[in-house]
Structures are given as structure tokens and as C-alpha cells.
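This report refers to the structure that appears directly beneath it.
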2 protein chains.
Amino acid sequence: MGLNSETPPIHTETSFSGRTKKIVRDPCLQPCSIERGMRILGGKWKGSILWHLKDGPVRFNDLTRMLGGASKKMVDQRLKEMETIGLVERHVLQTRPIAVAYSITDFGKSTLNVLEQLKTWAEQHGI
Amino acid sequence: MGLNSETPPIHTETSFSGRTKKIVRDPCLQPCSIERGMRILGGKWKGSILWHLKDGPVRFNDLTRMLGGASKKMVDQRLKEMETIGLVERHVLQTRPIAVAYSITDFGKSTLNVLEQLKTWAEQHGI
DNA sequence: CGGTATCCTCTACGATACTG
DNA sequence: CAGTATCGTAGAGGATACCG
């Protein structure tokens, strides 16, 4: 699964319409694949979320607690982003009160190597 | 080389002084090492910079061109951050006009595994 | 060439309160 | 419980101009 299959070009276009200057510079269309990868995983809580889901589904509030410091709003936003990308899945459990669990997809699992390396690196260097 | 050797605690402290509410929440003091690692490497251009320096010193303007879309200001900021952390080194070449080259340190090289994994992942999944 | 300085916009993110 | 709504601020980051 992928988002697009070709290396996208740098897209820096400047158009003038009357006095209005509009610059189109899509931050995801980067020439360097590392940069593009970082745009997906490098967000503020994304790596951690993925990591905390690796051992099984986790419920929303539990997740926010695990992240220690992230507001519900932020976690919600990141989860939605990651759901549309296909990194995580959302499951509604029919209970009262309602419960929602998030799980990692196969695509999400494909990032765990990278994250593990990052974790190892961080720990080895006392980050 | 490391920044600190122990896992820092969550530091979320709320203090009231009169009417003023001040919340201390240092973004670098995260319980999850992945999150902390991301704070170092996950910044907007840091991974790419490191990657482009891996084959030898690169001059400032060349670097900005390689990054394709980053302003001089941004590159400058990132480089300074990364210099103080010890990821890169700055060398002034005595020429006219002046030339400055940046190189990767040993500590910087220690990140290349992670970045390589990220690159591979991104390319395999068409990111 | 390798930056600084200035200005300005936009959005990331936190706090807080509310809802089905 | 799992969000949504609203508001507010700090800072990220771009444009532009200037300098030794």
C-alpha cells in the first residue's frame, strides 16, 4: 500500500493575480524521501501513538494517559490523520457508556522497525 | 555522547501566582523515548540535513538548494540547533568571498541507521 | 557567500467547558 | 467515555531586504 508511486517534483510556484501573491508550496511534496517520511511519522505524537498500539488495541483515554501530556484534542486529531492514512483503525465497542478502541493496521506495523531503531538510538545516547 | 542519562519524569506542573496561571510543560521531557527521539530528529529539516551531509561536508547555500524549498533562515536555524546538540560541525574556510561548510559529527553519524530505515520505509511504501 | 533583521501570517497546540 | 466547540497564545516559518 502506498500513497503515490513516483517521486514527486519540487513544486514551488508563484502566481500573481492582481495584487494578491499566492505561493504554492506543498510541504508533502519534498524531493527527499527522508523528508517525506518525516512528514508522516515525525509529527508530534504519531510515533508514540503507533508504538503504544503495537501490543494490541488501546482505548482513547488510556492512550491519552500513556502519552502523558497530550491533550484529548491533540490525540484525537492525530488519530484521525493516522486513520485516514491507514496507519490505525478505529473500533466502536457497543457498551454503556460507549467505548472506542484504536488498533494498529498492517501498514502501521510496517513503521515499527523504524520506530524501534529510533527508540534504541534515543536510549543508547541518553536522549 | 548523550544529553542526559536517566529517563526524565513527566513534568506537568501548574502553579498559580495571584491571577496568573503558568503551566510548565517542557516538550522535551517526555516519558516515551520515541517521543524524545522525535524531538531531536523529527524537526522539519533535520533528518534531511543529516542525510545530505553523510557523504562529506557541504556548503551552506548548496545545502539549502539540496533541501529544495527550505529558506536560508530555516536552514540556518536548524544548523545552529544541530550544532549545539553536537550533530553537525561548522567550518569556516578562509576564502574570498567567505565559504562555510558543514559536516556531520560522529554523534550525527549515529543517527544514519535510523534515517536509512526511514528512507527505506518511505520508498517501499511510496511515500 | 553566508548569513541577519524585520515583518507578518498561519496554524499548532493548550485550556476550558460542554454533550450524547 | 469519547469526543466537540470555542478561545487564546506562542512560535513556526515564509518573504523581503540588507550587510560584511
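Predicted model, so just to flag it, every value in this text is computed and none were measured.
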In whole angstrom, what separates [X]'s [atom1] from [N]'s [atom2]?
X	N	atom1	atom2	value
Gln77(A)	dA5(D)	CD	P	12 Å
Leu67(A)	dC13(C)	CG	P	13 Å
Arg96(B)	dG20(D)	CZ	P	12 Å
Arg39(B)	dA12(C)	CZ	C1'	12 Å
Glu83(A)	dG3(D)	CD	C1'	13 Å
Leu93(A)	dC1(D)	CG	C1'	11 Å

Respond yes when some side-chain nitrogen or oxygen of Arg78(B) is under 4.0 Å from OP1 or OP2 of dG13(D), and no when none is.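 The answer is yes; a side-chain N or O of Arg78(B) sits under 4.0 Å from OP1 or OP2.
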
Could you tell me whether the phosphate oxygens of dG13(D), OP1 or OP2, come under 4.0 Å of any side-chain nitrogen or oxygen in Ser71(B)?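 Checking dG13(D) against Ser71(B), no side-chain N or O comes under 4.0 Å of OP1 or OP2.
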
Less than 4.5 Å apart, side chain to side chain, heavy atoms only: is that true for [X] and [Y]?
X	Y	result
Ile104(B)	Glu89(B)	no
Ile49(A)	Tyr102(A)	no
Lys109(B)	Leu112(B)	yes
Leu50(B)	Leu41(B)	yes

For the pair Glu81(A) and Arg78(A), find out whether any cationic side-chain nitrogen is under 4.0 Å from an anionic carboxylate oxygen.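 Result for this pair is yes, salt bridge flagged.
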
Pair Asp62(A) + Arg59(A), salt bridge at N-O below 4.0 Å: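 Result for this pair is no, no salt bridge flagged.
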
Touch check for Arg59(B), heavy atoms < 4.0 angstrom, all strands: base, sugar-phosphate only, or nothing?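 The answer is sugar-phosphate, as Arg59(B) gets under 4.0 Å only of primed atoms, P, OP1 or OP2.
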
I'd like to know if the side chain of Trp121(A) pairs up with that of Thr111(B) as donor and acceptor (distance under 3.5 Å, no hydrogens or angles considered).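 There is no such pair between these side chains.
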
Taking it one step at a time, do Glu123(A) and Ser33(B) satisfy side-chain hydrogen bond (donor to acceptor under 3.5 Å, both in side chains)? CA-CA 7 Å; Glu123(A) 284 167 359; Ser33(B) 52; 3.1 Å; yes

Listed in order of residue number, which residues of residues 45-56 of chain B have a non-hydrogen atom at under 4.0 Å from DNA chain C?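 The answer is none.
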
How far apart are the closest heavy atoms of Met82(B) and Lys46(B), and which atoms are they?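 Met82(B) and Lys46(B) have their closest heavy atoms at CE-O, 3.8 Å.
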
Can you check nucleotides 3-9 of chain C for protein contacts, nitrogen or oxygen pairs under 3.5 Å, and list what you find?
unit_1: dG3(C); atom_1: OP1; unit_2: Arg90(B); atom_2: NE; d: 3.3
unit_1: dG3(C); atom_1: OP1; unit_2: Arg90(B); atom_2: NH2; d: 2.7
unit_1: dG3(C); atom_1: OP2; unit_2: Tyr102(B); atom_2: OH; d: 2.9
unit_1: dG3(C); atom_1: N7; unit_2: Lys72(B); atom_2: NZ; d: 2.7
unit_1: dG3(C); atom_1: O6; unit_2: Lys72(B); atom_2: NZ; d: 3.1
unit_1: dT4(C); atom_1: OP1; unit_2: Lys80(B); atom_2: NZ; d: 2.7
unit_1: dT4(C); atom_1: OP2; unit_2: Asp76(B); atom_2: OD2; d: 2.7
unit_1: dT4(C); atom_1: OP2; unit_2: Lys80(B); atom_2: NZ; d: 3.1

Closest to side chain of Asn61(B), choosing from dC1(D), dC13(C), dC1(C):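 Minimum distance to the Asn61(B) side chain belongs to dC1(C).
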
For Ile98(A) and Ala99(B), take the nucleotide of DNA chain C holding the closest heavy atom to each; which residue's nucleotide lies nearer the 5' end?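 Per heavy-atom nearest nucleotide, the more 5' residue is Ala99(B).
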
